[in-house]
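Each chain gets a letter, A, B and so on, in the order its sequence line appears, and its residues count up from 1.
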There are 2 protein chains.
Amino acid sequence: MSDDTPKKPRGRPQTLDADRVAELAMQAYWHEGPTEVSINALSARAGVSKPSLYRAFGGEDGLTHAALRTYAAQVLAEVLAILDAPDGFEAALEGLVHYASESPLSDPGCLFVKMRAARDRFGPQTRGLIDALADGATAAYAAFLDAARARGEWTGRVPTDLAARYLSAQIEAALARRAAGVPPDEVRAVLSLALSVLTAPDRPDP
Amino acid sequence: MSDDTPKKPRGRPQTLDADRVAELAMQAYWHEGPTEVSINALSARAGVSKPSLYRAFGGEDGLTHAALRTYAAQVLAEVLAILDAPDGFEAALEGLVHYASESPLSDPGCLFVKMRAARDRFGPQTRGLIDALADGATAAYAAFLDAARARGEWTGRVPTDLAARYLSAQIEAALARRAAGVPPDEVRAVLSLALSVLTAPDRPDP
DNA sequence: CAGATTACGTACCAAGTGGTACGCAAGTGA
DNA sequence: TCACTTGCGTACCACTTGGTACGTAATCTG
């Protein structure tokens, strides 16, 4: 219905692909740590002048915001989809454990966790997005647990909201340890043990 | 026996108290984060010129090393003493939980945890000390668990070394969350739940 | 073609970083 | 008293940080 205003702009044609740069920034922040990558280095690596970056993103805050936004749409969404797995509660938990400890997707850790840890180094836009994503994540966990309880797949004695925060904290900690270089199987062992609080109220002994 | 060579040095008398500066640096790194405090700011705050700092510590690496050393002797030692509490296994665990979640001693988090997280921003001296302290901590946890098992106070089905790493990871995560501003009682709730894996193999249900 | 409009990058800015050259003050020993 | 030794701080260094003023290249309109 709504045409997307195909009238050509008048001046010089734009050559900077903002999405490409945001993707590149996301990768850099993700793999090297958001506080380790300067705008200078980033613009050089992207083959784009600094003023062009400022024109496209309006400063460092806009850039980190765009990078995190890209990460959320591209990675976090996929992760949260694990919770909707049709194989039931324990399978979903196992999926989370796999993601947070072994998956190559989280080998460099999680950009969201890293940015959350350095929250007050960012501008207001980015901070807002961090908080929104955090709220969204715990809400998703809570909904996941509620649904599992309603379906009778989870009979935990722990209140749902505490369990949600617990889940969130443990996943976050595992991702942080992962990023710090702890070997995947050690991360998995600790995380599995931690989540056994949720899954095993009865004794797993023979 | 060995006299400490009381012959006076020949030149100008030394006025810089290195221990005082190390203490001050430790406090600054601890409360504001080790990556947030520059040598410039530190020397100004200590009322000492920058060359004096370099003379006393030989560079940033020496300074962070001295600060962490001070922290280890002053804070970490006290914490590890909790493990030797004579009130038994559960009391010691409770002491750890209290320290990591509510104690004002860890309100700004733990300098060791913070420096460990930023490990590769430091020089070789500091890195070495970080690693040594990490090894020492997990060794202390392992010894603590071994002793408890030998005394029959702990009958956990979890292997001792895994339990030690688990304990270490959970305490570390709690301190990190604490430093990130999570309220103490929430940190406590999550940490208690996590450590219940170690204490309660049988069902706590009525 | 001329003129308006737009995006581009060179070259700069002030501020802050870790680190140091060097002159001077404050003592000791002869 | 005078040389000598030692610790001190002023004033600098090269470099990086986030951010911008401005001339210019490339396009559309008339």
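- A donor-acceptor pair under 3.5 Å links the side-chain atoms of A/Arg149 to the main chain of A/Gly156, judged by distance alone.
- Within residues 18-40 of chain B, the residues having any heavy atom closer than 4.0 Å to DNA chain C are, in order of number, B/Ser38, B/Ile39, B/Asn40.
- If you run side chain to side chain contact (heavy atoms under 4.5 Å, CB included) between A/Tyr29 and each of A/Leu24, A/Thr70, A/Leu42, A/Thr35, only A/Leu42 comes through.
- Of the N and O atoms on the side chains of A/Ser52 and A/Ser49, at least one donor lies less than 3.5 Å from an acceptor on the other residue.
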Please tabulate, for side-chain N and O atoms in residues 133-147 of chain B, each donor-acceptor pair with protein atoms closer than 3.5 Å (sequence neighbours left out).
unit_1	atom_1	unit_2	atom_2	d
B/Thr138	OG1	B/Ala134	O	3.3
B/Thr138	OG1	B/Asp135	O	3.1
B/Asp146	OD1	B/Thr160	OG1	3.4

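- Here the side chain of B/Arg10 is nearest to one of D/dT5, D/dG18, C/dG18, namely D/dT5.
- Taking atom CG on B/Leu42 and atom P on C/dG19, their separation rounds to 13 Å, with Å as the unit.
- Evaluation of the side chain to side chain donor-acceptor pair (under 3.5 Å) test over residues 161-171 of chain A, restricted to residues two or more places apart or in two chains, returns A/Arg165-B/Glu186, A/Gln170-B/Gln170.
- The closest side-chain donor-acceptor pair between B/Glu78 and B/Gln74, if any, does not fall under 3.5 angstrom.
- Atom CZ in A/Phe57 sits roughly 18 Å away from atom C1' in D/dT20 (whole-Å rounding).
- Under 3.5 Å, the side chain of A/Lys50 and the base of D/dG19 form at least one donor-acceptor pair of N or O atoms.
- For the pair B/Leu53 CG and D/dG7 P, the computed distance is 15 Å after rounding to whole Å.
- Following rounding to the nearest Å, A/Tyr54 (OH) and C/dC13 (P) show an atom-to-atom distance of 17 Å.
- Taking the side-chain hydrogen bond (donor to acceptor under 3.5 Å, both in side chains) definition, one finds that A/Glu94 meets it with A/Arg188, sequence neighbours left out.
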Show me the donor-acceptor pairs, under 3.5 Å and distance only, between side chains in residues 113-120 of chain A and residues at least two apart or in other chains.
unit_1	atom_1	unit_2	atom_2	d
A/Lys114	NZ	A/Trp30	O	2.7
A/Lys114	NZ	A/Pro108	O	2.8
A/Arg116	NE	A/Glu172	OE2	3.2
A/Arg119	NE	A/Asp131	OD1	3.0
A/Arg119	NH2	A/Asp131	OD2	2.7

Can you name the atoms? Protein N/O to nucleotides 7-9 of chain C N/O, anything below 3.5 Å, with the distance.
unit_1	atom_1	unit_2	atom_2	d
C/dC8	OP1	A/Thr15	N	2.9
C/dC8	OP1	A/Thr15	OG1	3.1
C/dC8	OP1	A/Leu16	N	2.8
C/dC8	O4'	A/Arg12	NH1	2.5
C/dG9	OP2	A/Ser49	OG	3.0
C/dG9	OP2	A/Ser52	OG	2.6
C/dG9	N7	A/Arg55	NH2	3.3
C/dG9	O6	A/Arg55	NH2	2.9

